[in-house]
Amino acid sequence: MMEKLSTENLQERFRAVEENLEEIERNVTAAAQKAGKTRADITVLAATKTVSVEVINHSIEKGIAYIGENKVQELMDKYDAYEKDKAQVHFIGHLQVNKIKYLVGRVQMIQSVDSMKLAKEISRLSQKREVQTKILIEVNIGREENKSGILPENLESLLEEISELPNISICGLMAIPPANVKKEETLHYFSQMYEYFVDMSRKKLDNVSMDYLSMGMSADYADAIECGANMVRIGSALYGARDYSKKNV
Ligand SMILES: *Cc1c(COP(=O)(O)O)cnc(C)c1O
């Protein structure tokens with residue numbers, strides 16, 4: 001599903017996105033400073049589900065350098081039209097083995113790898129297509145049933161196993177903490193994730209570089225940065241509330 005906009009609405013959306021981006025920049029800069037970092041240490045990825053390519057490309061013109069889709073079909077529909085020389089395209093959604101063939105060689109990073117089965121297929125196709133695929137390991141930090149991500153106690157062994165595979169590079173960790181919980185609880189999950197991130201960095205595993213800790217979305221990206229995130233994934237705070245009712249045209 002993707003929005004379809006008239007020219008007039010498009011200009012309005014462009015202006016709104018510009019204003020939102022300015023606010024996000026201010027918030028990210030302030031949060032980075034609180035964490036003893038600078039704006040340059042933080043990667044802002046725009047979560048672009050349901051957003052039209054015109055609006056996405058406008059945000060890229062205004063400085064967004066990373067975009068992420070969470071559905072393979074939607075990524076495929078939009079892929080040719082993205083301003084790809086100015087922005088990296090990441091996959092951030094739930095991943096199925098039979099869909100990996102659409103991602104390898106297309107996206108710069110797959111942020112949602114949580115099993116050896118997925119990693120093996122990414123590795124196999126990356127070898128075949130002679131590319132190196134960057135991944136993050138998704139952690140189910142809230143131990144939620146029906147949610148993607150490896151449980152924390154299995155993280156280290158998964159990292160070790162995946163690091164042995166050819167043509168796949170682990171670049172860090174990703175998490176989506178439970179939604180609709182109190183702020184203190186979210187902060188607790190973010191801090192736990194940061195501990196795992198530091199722990200895994202200290203292990204200095206071969207072929208594993210803990211460059212990115214991807215966590216924090218529209219409601220809590222400043223908190224995530226203050227807890228140690230260096231990549232945040234922002235959708236609605238940049239593009240406005242998503243409208244799932246509009247059909248992809
Ligand atoms: C949609 C999405 C986001 C952004 O969500 P917002 O709350 O709109 O900022 C971040 N990460 C993933 C994996 C998503 O699917």
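Note that ligands are numbered from 1 as they come in the structure, with each ligand's atoms numbered from 1 the same way. Computed over heavy atoms, backbone and side chain alike; hydrogens, waters and symmetry mates excluded. As the structure is a prediction and not an experimental result, all values here were calculated from the model.
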Inset, instruction - Give the protein residues with at least one non-hydrogen atom closer than 4.0 Å to an atom of ligand 1, ordered by chain and number. - result: Ala47, Lys49, Asn70, Ile92, Ile176, Met217, Ser218, Arg233, Ile234, Gly235, Ser236, Arg242
Legend entry - ILVMFWY cluster membership beyond Tyr212 - transitive side-chain contacts under 4.5 angstrom: Leu45, Tyr66, Ile92, Met109, Leu136, Met174, Ile176, Met217, Met231
Legend entry - Residues Glu74 and Lys71 bridged, charged N to O under 4.0 Å: no
Legend entry - Partner residues of Ser218 under the side-chain hydrogen bond (donor to acceptor under 3.5 Å, both in side chains) criterion, sequence neighbours left out: Ser236
Inset, instruction - Could you tell me whether the side chains of Ser59 and Tyr239 share a donor-acceptor contact shorter than 3.5 Å? - result: yes
Inset, instruction - Return the set of residues passing side-chain hydrogen bond (donor to acceptor under 3.5 Å, both in side chains) with Arg129 (not counting sequence neighbours), or none when no residue passes. - result: none
Inset, instruction - Before accepting this row, confirm whether a basic side-chain N of the pair Glu153/Arg143 lies closer than 4.0 Å to the acidic partner's carboxylate O. - result: yes
